[in-house]
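Just below is one structure, and these are the notes that go with it.
Because only heavy atoms are used, hydrogens play no part in the values below, and waters and symmetry mates are left out as well, while side chains stay in.
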Protein chains: 2
Amino acid sequence: MNIQPPVDINGLKQACRNCSLYDLCLPLGMAEDDLALLEKIINRRRPIQRNDHLYRPGDRMISIFAVRSGSVKTYTLTDDGQEQITGFHLPGELLGLDAISDGMHPCAARALETTSVCEIPFDRLEDLSARIPGLQRQLFRIMSREIQNDELFMMLLGKKSSEERLAAFMLSLSARFKQRGFSPTEFNLTMSRNDIANYLGLAVETVSRLFTRFDNAGIISVRRKLISIDDMDGLRRVAGLLRTPGEDGILDNLG
Amino acid sequence: MNIQPPVDINGLKQACRNCSLYDLCLPLGMAEDDLALLEKIINRRRPIQRNDHLYRPGDRMISIFAVRSGSVKTYTLTDDGQEQITGFHLPGELLGLDAISDGMHPCAARALETTSVCEIPFDRLEDLSARIPGLQRQLFRIMSREIQNDELFMMLLGKKSSEERLAAFMLSLSARFKQRGFSPTEFNLTMSRNDIANYLGLAVETVSRLFTRFDNAGIISVRRKLISIDDMDGLRRVAGLLRTPGEDGILDNLG
DNA sequence: CGTATGATTGACATATTTCAAGGTCTGTGG
DNA sequence: CCACAGACCTTGAAATATGTCAATCATACG
């Protein structure tokens with residue numbers, strides 16, 4: 001099990017410059033020469049399998065990771081051992097930034113499907129970013145963006161109904177798939193209903209009921225893991241992102 | 001209104017080295033010489049009054065701020081204009097980190113009492129942190145810590161009951177007051193019940209009821225804004241941070 | 001195929017919100 | 001210095017969104 005086939009060393013190089021995620025990921029805004037320096041410290045790792053952990057709570061933080069393909073969930077454990085999912089991560093997104101302050105991962109990262117990641121040793125990244133202004137700037141930006149997203153999510157959990165939460169979640173996935181060149185209207189959920197419920201602070205049953213409700217309302221079509229968004233504006237309206245004068249709660253009069 | 005009395009220029013210098021917040025704030029871990037450089041770019045601002053805004057959503061982000069004394073709340077606005085408080089900030093804490101990615105404040109910061117802050121022009125801070133490794137490192141740490149705290153808070157909103165939320169909030173305040181040399185068991189709340197409820201994703205009435213419940217249970221004494229924690233372990237137990245074999249929900253049998 | 005896991009659906013329970021009323025502080029202006 | 005207005009807080013009763021429990025169904029997988 002620990003015996004690994006040899007890795008293609010050439011494949012490890014030139015990661016970023018040819019990577020389709022270029023403008024979503026760390027290298028954004030860096031000069032060509034600097035990029036070469038960054039590439040030198042990045043390791044492309046062997047793909048990990050569904051349910052494999054990238055790291056667990058308490059693990060020493062050696063590297064941060066960038067999702068290359070696949071998807072990952074991160075979660076913390078409550079005092080009584082149940083998990084709270086803190087995020088679902090798509091290609092181009094960075095994992096482990098929450099571990100910098102303590103040098104230790106406060107949460108776990110687990111693959112939702114076969115997933116490949118780039119591994120970036122953090123001490124070397126830190127050195128490099130002191131020498132490459134564009135890199136430092138991008139790191140600050142990415143961390144800032146994450147804080148901003150967290151604030152948005154607090155609003156979701158603090159103020160929004162279950163309907164609004166699920167709709168907003170679908171829209172977020174849709175937008176992120178679009179950014180990555182996938183269809184924004186038809187995609188597969190890689191996480192279970194349980195994961196979605198956990199993430200959104202709801203019960204599984206509630207999520208399930210909402211899906212059928214959205215489906216009946218003609219807003220999305222749900223076929224197990226396959227989602228297609230049939231009425232984007234309808235979904236936005238449900239999420240509370242589109243003002244509809246004279247009518248609120250369009251699902252009220254539907255099954 | 002725009003006419004300002006002259007500012008004591010000497011007071012603006014030497015901010016950090018004599019500051020009691022040294023080890024909670026940005027300068028932590030920096031060499032003496034480097035600190036001098038940092039101090040040069042920091043402006044101590046005239047105190048702002050209760051309810052004054054430090055910035056509002058959409059404002060261009062020129063500087064980030066460090067709370068020097070007093071307290072500040074930050075909040076975003078929902079699509080329909082109500083506020084969602086994203087944090088209460090005590091001396092030594094940094095404000096505006098969520099604005100780096102867009103160069104624009106996504107939220108507002110408003111003083112809860114007379115408050116003084118240090119203003120740190122961000123472009124100069126960025127330059128400086130490329131030249132001072134200790135500063136860059138501390139900035140990464142602080143941002144990472146914020147992401148980590150946000151994750152903890154997601155757990156609070158997603159998984160915890162109203163009782164647990166309020167108890168955890170009181171404990172968080174207590175710990176932060178202690179860090180700053182104030183009493184961890186007796187303190188004044190600078191925010192209203194409304195603010196607390198908003199922050200914790202609850203109704204004001206719920207918070208009010210919980211306070212009287214905690215009080216009746218002998219865990220804390222509430223006298224308007226003045227809180228004293230009478231049974232710290234009891235509070236931890238309610239927050240779900242202390243395992244009590246054979247008994248859960250100690251408040252169940254109390255008014 | 002049959003079994004296990006995840007998803008759906010229904011009926012019921014309940015924590016928390018909402019609505020409504022009354023109480024209490026605090027600062028202001030007479 | 002007192003009285004008053006307005007904001008803030010507390011309390012009760014009723015409403016409701018969501019959770020919990022339980023059963024069934026579909027799918028995937030060995």
Side-chain angles (χ1 to χ4, degrees), chain A residues 49-51 73 82-85 112-114 156-167 169 188-216 220-227 238 240 248-249 251-255, chain B residues 49-51 73 82-85 112-114 156-167 169 188-216 220-227 238 240 248-249 251-255:
Chain A
Q49 296 304 310
R50 188 170 128 86
N51 288 333
K73 72 172 174 183
Q82 49 179 330
E83 70 181 57
Q84 163 70 45
I85 296 178
L112 290 166
E113 60 190 312
T114 303
L156 201 77
L157 293 181
K159 289 249 168 317
K160 304 288 193 168
S161 70
S162 60
E163 241 179 37
E164 293 171 308
R165 290 184 206 185
L166 187 63
F169 178 61
N188 263 291
L189 300 174
T190 56
M191 69 293 291
S192 68
R193 299 284 194 273
N194 235 309
D195 283 346
I196 297 174
N198 182 305
Y199 179 58
L200 296 177
L202 301 169
V204 207
E205 294 91 334
T206 304
V207 170
S208 192
R209 276 186 258 266
L210 288 172
F211 270 135
T212 53
R213 229 155 125 201
F214 287 1
D215 196 330
N216 290 339
I220 63 177
S221 306
V222 185
R223 198 171 155 66
R224 216 68 178 177
K225 300 264 185 190
L226 182 66
I227 303 289
V238 177
D248 41 357
L251 294 180
D252 294 350
N253 41 0
L254 288 154
Chain B
Q49 295 306 309
R50 187 169 130 88
N51 289 331
K73 72 173 174 181
Q82 48 181 331
E83 70 181 56
Q84 164 70 45
I85 295 177
L112 290 166
E113 60 190 312
T114 303
L156 201 77
L157 293 181
K159 289 250 170 315
K160 304 289 193 166
S161 69
S162 61
E163 243 178 35
E164 293 172 307
R165 292 185 205 183
L166 187 62
F169 177 61
N188 264 291
L189 300 174
T190 56
M191 70 292 290
S192 68
R193 299 284 193 273
N194 235 309
D195 283 345
I196 297 173
N198 182 305
Y199 179 59
L200 296 177
L202 301 170
V204 207
E205 294 92 331
T206 305
V207 169
S208 191
R209 277 186 257 267
L210 287 172
F211 269 135
T212 53
R213 230 154 125 199
F214 288 0
D215 196 330
N216 290 339
I220 62 177
S221 305
V222 185
R223 198 170 156 64
R224 218 67 179 177
K225 300 265 186 188
L226 181 67
I227 303 288
V238 176
D248 41 358
L251 292 181
D252 294 352
N253 41 1
L254 287 156

For [X] and [N], give me the distance from atom [atom1] to atom [atom2], rounded to whole Å.
{"X": "A:Ile196", "N": "C:dG6", "atom1": "CD1", "atom2": "P", "answer": "14 Å"}
{"X": "A:Asn188", "N": "C:dA7", "atom1": "CG", "atom2": "P", "answer": "13 Å"}
{"X": "A:Leu202", "N": "D:dT16", "atom1": "CG", "atom2": "P", "answer": "20 Å"}
{"X": "B:Leu189", "N": "C:dC25", "atom1": "CG", "atom2": "P", "answer": "16 Å"}
{"X": "B:Phe211", "N": "D:dC8", "atom1": "CZ", "atom2": "C1'", "answer": "14 Å"}
{"X": "B:Arg213", "N": "C:dA15", "atom1": "CZ", "atom2": "P", "answer": "9 Å"}

Check this one for me: any side-chain N or O of [X] less than 4.0 Å away from OP1 or OP2 of [N]?
{"X": "B:Lys225", "N": "D:dC9", "answer": "yes"}
{"X": "A:Ser192", "N": "C:dG6", "answer": "no"}
{"X": "A:Ser162", "N": "D:dT18", "answer": "yes"}

What nucleic acid atoms does A:Arg223 come within less than 4.0 Å of, heavy atoms only: base, sugar-phosphate, or nothing?
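Sugar-phosphate: the residue A:Arg223, judged by heavy atoms under 4.0 Å, touches backbone atoms but no base.
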Sugar-phosphate, base or nothing in reach of A:Ser208, heavy atoms under 4.0 Å
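Contact class for A:Ser208: base.
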Which residue, B:Leu166, B:Ile227, B:Val222, forms the side chain to side chain contact (heavy atoms under 4.5 Å, CB included) with B:Phe214?
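Exactly one candidate clears the test, B:Leu166.
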No-H, no-angle donor-acceptor pair, B:Glu205 side chain to D:dC9 base, under 3.5 Å:
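There is none.
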Does any donor-acceptor pair link the side chain of A:Arg209 with the base of D:dT20 at a separation under 3.5 Å?
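Yes, the side chain and the base share a sub-3.5 Å donor-acceptor pair.
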Can you tell which of C:dT24, D:dG19, C:dT17 lies closest to the side chain of B:Arg224?
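Given the options C:dT24, D:dG19, C:dT17, the side chain of B:Arg224 is closest to C:dT24.
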